[in-house]
Amino acid sequence: MAKAEYKSAIRSRKLICMALADLLQEKPLDKITVTDIVNRADINRGTFYAHYMDVPDVVNHLVDTACSTIQEALQEQLSIKANDPAILLRHLQILLENDLEFYRKVLTSNVSIPILEKLRNIYLDYMTAHEKEFSTTTHEQYLFMILFSSGGIINMYRDWFAGKMPFTFDELTEKATQTIRTILA
């Protein structure tokens, strides 16, 4: 019985997140209500409130999920002492591939900016804290390179999800990896 409840909880959270992603294509986040979400997800209010306090709580859940994936990738990179952007970008690709349509809707909506900024800040904090392991340049040049590359990565993914880049996801990740390797070399 507990296993069925667990699957049900996962399904409910996924329905809520998908409903939010759909609604973000239609109106700004501050105009989306719990009623909008439960109607779109075809669930009752009690189900929504069993998982989330309000609409911003759903957004926070999305941000936290993405951030924990990025932090895991960064920790893996540190644990194997690899200065290889491929590790981080592959983890990001796996996260996004788990639900491409959902992330396409979220990353092309008005809520994407704070989510992507938080992810960027995690990356910048990590890269700054581990500068000695990754850098062979001056501090100023290193900061410039990580700021430049992080902004480029964010815009690259947003453009890809918006259909502005003619690559497969694997090609996109490979091109981004090669570019970052060149920048950090």
Side-chain angles (χ1 to χ4, degrees), residues 10-11 13-34 36-42 52 54-74 77 84-127 143-184:
I10 292 170
R11 181 180 172 277
R13 282 192 296 273
K14 186 170 178 90
L15 286 171
I16 292 166
C17 290
M18 257 333 264
L20 177 61
D22 287 343
L23 290 162
L24 285 168
Q25 299 297 298
E26 300 168 15
K27 55 184 164 179
L29 179 63
D30 62 345
K31 301 290 184 208
I32 297 173
T33 66
V34 171
D36 293 332
I37 292 173
V38 299
N39 287 341
R40 181 67 57 98
D42 197 23
Y52 301 105
D54 52 21
V55 175
D57 192 32
V58 180
V59 174
N60 289 336
H61 167 78
L62 297 172
V63 171
D64 291 345
T65 300
C67 289
S68 67
T69 299
I70 298 305
Q71 288 173 325
E72 287 171 19
L74 292 171
Q77 185 168 328
D84 189 359
I87 295 169
L88 175 62
L89 294 175
R90 288 285 174 215
H91 274 274
L92 185 57
Q93 180 178 348
I94 290 166
L95 167 73
L96 298 172
E97 282 180 329
N98 282 334
D99 199 343
L100 272 177
E101 190 55 32
F102 169 75
Y103 285 108
R104 179 178 318 281
K105 290 175 181 176
V106 169
L107 293 177
T108 58
S109 74
N110 61 346
V111 78
S112 71
I113 293 169
I115 292 172
L116 293 172
E117 240 349 90
K118 187 166 183 177
L119 292 173
R120 181 177 186 232
N121 287 335
I122 289 170
Y123 172 77
L124 293 174
D125 290 346
Y126 173 85
M127 293 301 287
L143 287 178
F144 175 80
M145 290 185 302
I146 63 172
L147 287 168
F148 181 81
S149 63
S150 64
I153 291 169
I154 287 171
N155 285 323
M156 176 194 68
Y157 280 107
R158 288 186 76 204
D159 286 349
W160 187 82
F161 276 108
K164 297 177 183 176
M165 300 187 93
F167 308 118
T168 66
F169 211 163
D170 286 332
E171 292 169 336
L172 182 73
T173 299
E174 185 55 38
K175 288 181 184 303
T177 299
Q178 290 169 357
T179 302
I180 293 170
R181 284 179 181 150
T182 301
I183 290 170
L184 294 176

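Under the side chain to side chain contact (heavy atoms under 4.5 Å, CB included) criterion, Arg11 pairs with Leu15, sequence neighbours left out. For Arg13, the salt bridge (charged side-chain N to carboxylate O under 4.0 Å, His left out) criterion is met by no residue, not counting sequence neighbours. For Lys175, the side chain to side chain donor-acceptor pair (under 3.5 Å) criterion is met by no residue, not counting sequence neighbours. Applying the salt bridge (charged side-chain N to carboxylate O under 4.0 Å, His left out) test to Glu97 and every residue at least two apart in sequence or in another chain returns nothing. Partners of Ser150 according to the side chain to side chain donor-acceptor pair (under 3.5 Å) rule, which considers only residues two or more places apart in sequence or in another chain, are Arg120. Legend: residues meeting side chain to side chain donor-acceptor pair (under 3.5 Å) with Gln178, ordered by chain and number and at least two apart, are Glu174. When the side chain to side chain contact (heavy atoms under 4.5 Å, CB included) test is applied to Asn98, the partners found at least two apart in sequence or on another chain are Ile94. Every salt bridge (charged side-chain N to carboxylate O under 4.0 Å, His left out) that Asp170 has, sequence neighbours left out, goes to Arg90. Residues satisfying the side chain to side chain contact (heavy atoms under 4.5 Å, CB included) criterion with Thr108, sequence neighbours excluded, are Gln25, Phe161, Ala162. Checked against ring pair (Phe, Tyr, Trp, His ring centres under 6.0 Å), Phe169 has the following partners two or more places apart in sequence or in another chain: Trp160. For Asp22, the side chain to side chain donor-acceptor pair (under 3.5 Å) partners two or more places apart in sequence, or in a different chain, are Lys105. By the salt bridge (charged side-chain N to carboxylate O under 4.0 Å, His left out) test, Asp64 pairs with Lys118, sequence neighbours left out.
A distance of 11.0 Å separates NE2 of His61 from CG of Leu20, quoted to the nearest 0.5 Å. To the nearest 0.5 Å, atoms CG (Leu116) and CZ (Arg158) are separated by 6.0 Å. The line from CG of Leu107 to CG of Leu24 is 10.5 Å long, rounded to the nearest 0.5 Å. The distance from atom OH of Tyr52 to atom CG of Asn60, rounded to the nearest 0.5 Å, is 10.5 Å. Ile146 contributes atom CD1, which lies 5.5 Å from atom CG of Leu143 (distance to the nearest 0.5 angstrom). Annotation: the span from Asp57 atom CG to Asp54 atom CG amounts to 5.5 Å, rounded to 0.5 Å.
A pairwise comparison of heavy atoms in Leu124 and Leu147 identifies CD1-CD2, 3.7 Å as the closest pair. Closest heavy-atom contact between Met156 and Met165: O-SD, 3.5 Å. The minimum heavy-atom distance between Val55 and Ile37, with the atom names listed, is CG2-CD1, 3.8 Å.
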>> Quick one, Leu92 with Thr173, criterion side-chain contact (heavy atoms from CB on, under 4.5 Å). Give me CA distance, side-chain angles, the key distance, then yes/no.
In response: CA-CA 9 Å; Leu92 185 57; Thr173 299; over 6 Å; no
> What do the steps show when you test Thr177 against Ile180 for side-chain contact (heavy atoms from CB on, under 4.5 Å), and what is the final call?
Replying inline: CA-CA 5 Å; Thr177 299; Ile180 293 170; over 6 Å; no
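More than 12 non-hydrogen atoms from other residues, nucleotides or ligands lie less than 6.0 angstrom from NZ of Lys27. Heavy atoms of other residues, nucleotides or ligands lying less than 6.0 angstrom from CG of Asp30 number more than 12. Around atom CZ of Phe144, no more than 12 heavy atoms belonging to other residues, nucleotides or ligands sit under 6.0 Å away.
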